[in-house]
Amino acid sequence: MIKSIAPEICTGCGACVRICPLDALRMGEDKKAFIAYPEDCMTCFLCERACPSGAIDVDPLREVLPPTFPDVPVELGGGRA
Amino acid sequence: MKNTMKINRVETDLLILGGGSAGLWAAHRFAELMPGRKVCIVDKGPQDWGGLMAMAGGDFEAVLPPDTVDGWLEDLVYYFDGLCDQPLMEALLSRSAERMRDYERFGCEFFHKPDGSLKSVPQRGLPHVKLYPAQVKGRGGELMAKSLVARLKDAGVTRMGRIMLTDYLVRDGRITGAAGFHCISGEAYIFKAGAVVAASGMGGWKTSYGKNTPTGEGMRMAFEAGAQLQDLEFARVWNMPRLFAWEGQTHLFPLGARFVNRLGENFMNRYSPVLGPNTDPHFTTIGMALEIRAGRGPIIFDVSPLRGEDMILLKPQTGWQKLNYEKLCRLGLDLFKDNTEWVPQMTVSHGGIRAEIDGSTAVRGLFAAGTARSMEPGVYAGGFALMTTAVTGHMAGESAAAWLRDADDAPAPDEAEAEALLTRAFAPLGREGRDTLTPKQVLTRIQATVFPYDVSIVKNGPALERALAEIRRIREEELPRMAAADPHYLLKLHEVEAVAFVSELFVRASLERRESRAGHFREDFPRMDPAGPSWIFVRRKADGTAEFTPERVPLEQWRVPLTRCYQDNFTFVEQATGKDR
């Protein structure tokens, strides 16, 4: 999931905003890109790759989803905490 | 809808829903054949992003010499346990090499061996079916999308992004256009079109990096417009790392990779002494589920048998896959060195619109292409989607051109009907009240209902019945409570409505199929129906509900007899009927 867009590095070019498939990023009034809808990020890295100034950091770990094995403990490959 | 809200009106000869592989190919072919006519591609994501194709590695299946279409067709009839539309598949396979050559002509390269021949990777232990890897692993699909978009720009094809279409407009059984809204500006749109290609992808459950956008609204729209659906009981349950996303494991199994359980056992050898770990993920995830249920999890991905020289094919070299890999390595999650835990994860639906070979549907002027139409019964060989979406997109563009040449001019959309549909689509925008729900809250409840392994992988009747009751409750009680704070959330809300629609059809179709075949395994009906394969078609009744109708596969009319089934390679029947429990 997207972690940060560094405002001091962002040049406001809008490349990340244009490319985000989930419309998670928008341009702020300060002409800097910001994470408008963080929960919609799908960790595709398109924004980080499109950013010409290296302002964006996407964390590679994926979202925790409802479990496939609700009754099996996590340590045995299930989803029960 | 408020009278002050702006409605944008767009007129086009061909409207294409979805700017992924199938939509781009449909536009390309139509523009080639009808250079003076208007084509407009509408995508709910960014303009020109290429849909799921942009996420794909670029592996392509094609029938190249010395292989023959007949050989591949025999493989697929066997692999699909008879649920293979042979005339359709023959048409697709016959055109696969042409599309691969098109890609090469467009500058998309495939991997060549030192002797100059194309590298190929056999799939799922099948004698003929194989994929041809992209030259540059990690960006192959992205380059394919870019090459197509460049051609569409030259051809003057209109491309519009961030517009979600919510309803088809139909008059007297003929498509007249579609209505929807812009997910940033919130402006309404009515498209008037002579013909429409539905290339809007499959349904899905918004689970991962590359499977977050196919949510099934195209399927719901087609169903409501009068088209039939099929194969809804088949969903893709993929094997995925528990903590991160990965693309390209398809390559690894034929080269020696395998999953092992907590005891270090290569358990797929037990479930299939013939195929072992080199099989379809559908069967691997059944094996994983049975191991985890028996207390032998977690499941670890073991790449130690791989040869060093094969690693060049496997390690991501560019694109998002390389960035992902490097970041994971920094976190101590090197897939090629560390033991990583993998889990079965439901991702997308294999079901789709029922269409003729040429893409035509029960709605005149509506053509289906790509994964919006159903082509495989829940099993999936690597590279299949890039091939089938290219070929069916190309064919749908051709069919729409031929149809428009002969058809009368399309009637104008019924304005009152279009505005009523838009009013309905916009209703949740700004909805207030203490008991409102966000789309994400409802999505999570749907996921929690459908993901459990006894609903999605090792299905059984009572679990499916419970899931059906819960999905119906969610549709009746929770969907009407969803609220969208802005047009962005309105898009998510319509996605979640479609996810709920597809989920109910998935569970109902899974109950209807009282046997196990291809990508559908019922623990309470673990054998194939001795009467032979049937499809389950879904159509909308006059009261708006779905009717499921089985229809026997007319094997006696087709060339390839069903003499053996892929499922016979597995011992899950013995597992389900009592042994080793």
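Chain identifiers are assigned alphabetically (A, B, ...) following the order of the sequence lines, protein sequences preceding nucleic acid strands; residue numbering begins at 1 within each chain.
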Exercise. Quick one: does B:Thr207's side chain get under 4.5 Å of A:Glu63's, heavy atoms only?
Worked result: no
For this session: Please test A:Phe45 against B:Gln321 for side chain to side chain contact (heavy atoms under 4.5 Å, CB included), starting from the C-alpha separation and ending with a verdict.
Result: CA-CA 9 Å; A:Phe45 300 101; B:Gln321 296 181 20; over 6 Å; no
Problem set entry | Proximity breakdown for B:Thr449 and chain A, heavy-atom pairs closer than 4.5 Å | neither
Exercise. At a heavy-atom separation under 4.5 Å, does B:Ile457 approach chain A through its side chain, its backbone, both, or neither?
Worked result: side chain
For this session: Counting only heavy atoms closer than 4.5 Å, note whether B:Arg445 contacts chain A via side chain, backbone, both or neither.
Result: neither
Exercise. Got B:Met346 and A:Leu65 here, is their nearest side-chain heavy-atom distance under 4.5 Å?
Worked result: no
Exercise. By a 4.5 Å heavy-atom criterion (distance strictly below it), what part of B:Trp320 contacts chain A: side chain, backbone, both, or neither?
Worked result: both
Exercise. By a 4.5 Å heavy-atom criterion (distance strictly below it), what part of B:Glu142 contacts chain A: side chain, backbone, both, or neither?
Worked result: side chain
Exercise. Less than 4.5 Å apart, any side-chain heavy atom of B:Gln47 and any of A:Arg18?
Worked result: no
Exercise. So does A:Glu8 have more than 12 non-hydrogen atoms from other groups sitting under 6.0 Å from CD?
Worked result: yes
Seminar exercise, completed: Okay, B:Leu333 and chain A: the region with an atom under 4.5 Å from a heavy atom over there is side chain
Exercise. Under the 3.5 angstrom rule, does the side chain of B:Lys440 hit a backbone N or O of A:Glu39 as a donor-acceptor pair?
Worked result: yes
Problem set entry | Options A:Asp23, A:Leu22, A:Val74, A:Val64, ranked by heavy-atom pairs under 4.5 Å with chain B, top entry | A:Asp23
Exercise. Heavy-atom distance under 4.5 Å to chain B: side chain of A:Leu46, backbone, both or neither?
Worked result: side chain
Exercise. Does the A:Arg62 side chain pair with the main chain of B:Pro241, one donor and one acceptor, at a distance under 3.5 Å?
Worked result: yes
Exercise. Is the backbone N or O of A:Pro21 less than 3.5 Å from a side-chain atom of B:Lys44, with the two atoms forming a donor-acceptor pair by type?
Worked result: no
Seminar exercise, completed: Note: vs chain A, highest number of non-hydrogen pairs under 4.5 angstrom among B:Glu341, B:Arg262, B:Gln345, B:Arg162 is B:Arg162
For this session: Show your working on side chain to side chain contact (heavy atoms under 4.5 Å, CB included) between A:Arg49 and B:Arg139 and close with a plain yes or no.
Result: CA-CA 12 Å; A:Arg49 290 174 52 215; B:Arg139 282 187 70 205; 3.8 Å; yes
Exercise. Under a 4.5 Å heavy-atom cut-off, does chain A meet the side chain of B:Gln447, its backbone, both or neither?
Worked result: both
For this session: Name the region of B:Ile299, side chain, backbone, both or neither, that has any atom closer than 4.5 Å to a heavy atom of chain A.
Result: neither
Exercise. How close do A:Pro60 and B:Phe244 get, heavy atom to heavy atom, and via which atoms?
Worked result: O-CB, 3.7 Å
For this session: Starting at OG1 of A:Thr68, measure out to CD1 of B:Ile292 and round the result to the nearest 0.5 Å.
Result: 8.0 Å
For this session: Verify side chain to side chain contact (heavy atoms under 4.5 Å, CB included) between A:Leu76 and B:Arg296, making sure each step is shown before the conclusion.
Result: CA-CA 7 Å; A:Leu76 296 180; B:Arg296 294 191 287 267; over 6 Å; no
Exercise. Passes side chain to side chain contact (heavy atoms under 4.5 Å, CB included), A:Met42 versus B:Lys206? Steps please.
Worked result: CA-CA 9 Å; A:Met42 65 172 178; B:Lys206 292 183 81 68; over 6 Å; no
Exercise. Regarding A:Tyr37 and B:Asp486, is there a side-chain donor-to-acceptor distance under 3.5 Å anywhere?
Worked result: yes
Exercise. CD/A:Glu48 to NZ/B:Lys327 distance, rounded to the nearest 0.5 angstrom?
Worked result: 3.5 Å
Exercise. Which region of B:Ala289, side chain (C-beta onward) or backbone (N, CA, C, O), has a non-hydrogen atom less than 4.5 Å from a non-hydrogen atom of chain A, or is it both or neither?
Worked result: both
Exercise. Between A:Cys44 and B:Met55, is any pair of side-chain heavy atoms under 4.5 Å apart?
Worked result: yes
For this session: Considering only heavy atoms and a distance below 4.5 Å, find which of A:Leu61, A:Asp59, A:Val72, A:Thr43 pairs most often with chain B.
Result: A:Leu61
Problem set entry | Among B:Pro452, B:Gly45, B:Ala448, residue most engaged with chain A (heavy-atom pairs, under 4.5 Å) | B:Pro452
